[in-house]
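Reading through the structure tokens given below for one structure.
These numbers come from a predicted model, not from an experiment. By convention in this document, chain letters (A, B, ...) are assigned in the order of the sequence lines, proteins followed by strands, and residues within each chain are numbered from 1. Every heavy atom of this structure was used, including side-chain atoms; hydrogens, water molecules and symmetry mates were not.
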There are 2 protein chains.
Amino acid sequence: MAAEITLSPTSPATAKVTVGGKPGTALFAGCPELIGTPFAYDREEEIYGEGEEAEFVYKVVRGAVRTHKVLNDGRRQITGFHLPGDLFGLEQGETHRHTAEALSDTQVVIFKRRGIERAAARSAEVACQLWTMAASGLRYAQDHMLLLGRRSAVERVATFLMEVDERLGGTSTFALPMTRRDIADHLGLTIETVSRTFSQLEEDGALLRAGGRQVSLRRARLRRVVED
Amino acid sequence: MAAEITLSPTSPATAKVTVGGKPGTALFAGCPELIGTPFAYDREEEIYGEGEEAEFVYKVVRGAVRTHKVLNDGRRQITGFHLPGDLFGLEQGETHRHTAEALSDTQVVIFKRRGIERAAARSAEVACQLWTMAASGLRYAQDHMLLLGRRSAVERVATFLMEVDERLGGTSTFALPMTRRDIADHLGLTIETVSRTFSQLEEDGALLRAGGRQVSLRRARLRRVVED
DNA sequence: CGTGGTGTTGAATTACCTCAATAAGCGTGG
DNA sequence: CCACGCTTATTGAGGTAATTCAACACCACG
């Protein structure tokens, strides 16, 4: 499980890439020195561990990543899933506050944190972008606090499915990139409860399943489950 | 409960104050135009509501504030308590994403959000401070996600007590500034469970109580309850 | 002294968990 | 293409931590 792999991101990939964000809003705009290096991880490979020095910042190109925290007895809380286009691993402070692992074979582009910080110290525009990213992470975390603190199992799962759908393009038919365990550890439930809840939602006609991961949502019904 | 009070913070308090943060790290340093206006709220008074335009940013001077989110059926999650020295209400985006209310009679200093944003657009230093604040909020929220998703009632209450103690100065004897309901709604529990857990912790010798709010912690014991 | 808000305690209920068995995917190699 | 083994997912039965409902105690304040 804990694949102890030492990254040496300085050696590989010679092709450097300047990386923009979503069309229009280039990431770290106007900072030519902030170029990213492509990098890849295998399924279940650790990208960085909690407590390690935060040397890099990552942007998902293909695949998916989870970040989590663990208690010493193994209880785990997944704080976020990161899909193509998402940035993760951006800390201020010297160390990572959680662990990141690839859900599947994943390509990322990495940036040196120091470089970003130096750019932010000079450019108000870059610094504002960092603020924006932290703020949107904060919004997500606060919404999730409400979910974890006050919502029932069905509500959690329904909310989660709609969220993933949206982030995957909103086609309402897709393959979940994560296991039941990952979902459970994100929603503060057990795998069994997640599984049962999927079954229940299917019975209620709120979704269709094909082979575990593949789902097709009836969004209106799901929305009625969450109702707020 | 929902005291609908219209604030007109433009009219009152003539005494303007420039406000620094913790000693050494002045808040919005080097920005003389960012001065705060003192303002006060009564116990249980709403400071701003979810969805309202985010016109001001607030810094607690005396008293205490809670910020929360609600579901339409009334379930509530308190996302944070704000004690003297803390900043709250800082959004990026036009509207507040939660409601803020005074726990007790509270004095704050308010800043115009636009002013701060304008300063950030010009000064990398100010922008970096905004990033820092958002990032520390994010760290808190992520720790709290772990608590809400994976910890038992005793662990939640014990963690909470140690946190409040620390933020109040770490004397381990203090009066909780919030009700059982507030604590419950912060920890994702019911008032009864919080109450029972206090009793249990007292039996276990992890704390002493005097009249509901007043507590005296045996920190070593509490730490053993949380254990990690 | 009442009165209303706040906190505690008890008894019964329940949503979710734990333990355990079975089934369904899925990659590998014959 | 099927058999095999391994991982992942589903389902059932029983247990439990936390909730719900309800009664009572405690102040603070008129």
Side-chain angles (χ1 to χ4, degrees), chain A residues 1 3 42-44 66 71 73-77 101 103-105 147-158 160-161 175-204 207-215 225, chain B residues 1 3 42-44 66 71 73-77 101 103-105 147-158 160-161 175-204 207-215 225:
Chain A
M1 171 151 273
D42 291 338
R43 198 177 106 84
E44 291 294 298
R66 63 173 177 252
L71 300 176
D73 64 358
R75 285 175 289 174
R76 182 177 74 149
Q77 176 66 39
E101 291 151 345
L103 288 178
S104 54
D105 292 358
L147 179 141
L148 292 172
R150 288 300 178 218
R151 308 208 82 135
S152 69
V154 226
E155 291 174 327
R156 294 183 201 195
V157 172
F160 177 72
L161 286 170
L176 290 159
M178 67 289 285
T179 65
R180 297 290 188 265
R181 165 136 301 288
D182 289 333
I183 298 173
D185 285 348
H186 186 49
L187 301 181
L189 302 169
T190 59
I191 36 181
E192 294 95 331
T193 300
V194 171
S195 191
R196 275 186 253 274
T197 306
F198 269 91
S199 301
Q200 188 203 316
L201 285 171
E202 189 165 36
E203 271 180 38
D204 298 354
L207 63 84
L208 259 71
R209 274 183 297 178
R213 300 282 184 94
Q214 189 72 24
V215 291
V225 170
Chain B
M1 173 156 274
D42 292 338
R43 199 177 103 84
E44 291 294 297
R66 63 172 177 253
L71 300 176
D73 64 358
R75 283 175 291 175
R76 182 177 74 148
Q77 177 65 41
E101 292 152 344
L103 288 178
S104 55
D105 293 357
L147 179 142
L148 292 173
R150 288 298 178 222
R151 308 207 82 135
S152 69
V154 226
E155 291 174 328
R156 293 183 201 195
V157 172
F160 177 72
L161 287 170
L176 289 160
M178 68 289 284
T179 66
R180 296 290 187 263
R181 164 136 302 287
D182 289 332
I183 298 173
D185 285 350
H186 185 50
L187 300 182
L189 301 169
T190 60
I191 37 182
E192 294 94 331
T193 300
V194 170
S195 190
R196 274 186 255 271
T197 305
F198 269 90
S199 302
Q200 188 203 316
L201 284 171
E202 189 165 37
E203 271 180 37
D204 298 354
L207 63 82
L208 259 72
R209 276 184 296 178
R213 299 283 183 93
Q214 190 74 22
V215 291
V225 170

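Here the C1' atom of nucleotide dC27(D) and the CD atom of Q214(B) are 15 Å apart, to the nearest Å. As rounded to whole Å, 16 Å separates atom P of dT7(D) from atom CG of D182(A). Distance CD (E192(A)) to P (dT16(D)): 16 Å, rounded to an integer number of Å. In this structure, R150(A) atom CZ and dA18(D) atom P are separated by 13 Å, rounded to whole Å. Taking atom CD1 on I183(A) and atom C1' on dT10(D), their separation rounds to 14 Å, with Å as the unit. For the pair Q200(A) CD and dT11(D) C1', the computed distance is 14 Å after rounding to whole Å. When rounded to the nearest whole Å, the span between CD of E202(A) and C1' of dA9(D) equals 13 Å. I191(A) has its CD1 atom 14 Å from the P atom of dT11(D), to the nearest Å.
Interatomic distance, CD of E44(A) versus CG of D105(A), reported as 10.5 Å (0.5 Å rounding). The distance from the CG atom of L176(B) to the CZ atom of F198(B) is 5.0 Å, given to the nearest 0.5 Å. Atom-to-atom distance recorded for L148(B):CG and L189(B):CG is 8.5 Å, nearest 0.5 angstrom.
Using a 4.0 Å cutoff to heavy atoms of chain A, the contacted part of DNA chain C runs 5' to 3' from dC16(C) to dG25(C).
Within 4.0 Å of S195(B), counting heavy atoms only, lies at least one base atom of the nucleic acid. Within 4.0 Å (heavy atoms only), R209(B) reaches sugar-phosphate atoms of the nucleic acid but no base atom.
R156(B) and T197(B) form no side-chain donor-acceptor contact under 3.5 Å, judged by distance and modelled atom types alone.
Using a cutoff of 4.0 Å between basic side-chain nitrogens and carboxylate oxygens, R150(B) and D185(A) are scored as salt-bridged. The pair E203(B)-R196(B) fails the salt-bridge criterion, with no side-chain N (NZ, NE, NH1 or NH2) lying under 4.0 Å from an Asp/Glu carboxylate O. At a threshold of 4.0 Å, the pair R43(B)-E101(B) does not count as salt-bridged, since none of the basic side-chain nitrogens sits closer than that to a carboxylate oxygen.
Between the Q77(A) side chain and the L147(B) main chain, no donor and acceptor come within less than 3.5 Å of each other.
In this structure, of dT20(D), dA9(D), dG12(D), it is dT20(D) that holds the atom nearest to the side chain of R196(B). When distances are taken from the side chain of T190(B) to each of dT20(D), dA9(D), dG12(D), the shortest belongs to dT20(D).
Between A210(A) and T193(A), the residue anchored nearer the 5' end of DNA chain C, judged by the nucleotide with its closest heavy atom, is T193(A). Of the two residues near DNA chain C, R213(A) and L189(A), the one whose nearest nucleotide lies more 5' is L189(A).
Here E192(B) pairs with nothing under the salt bridge (charged side-chain N to carboxylate O under 4.0 Å, His left out) rule; sequence neighbours left out.
Rotation axes derived from the C1' atoms of the five outermost pairs at either end of the helix from dC1(C)-dG30(D) to dG30(C)-dC1(D) lie 30° apart, to the nearest 10°.
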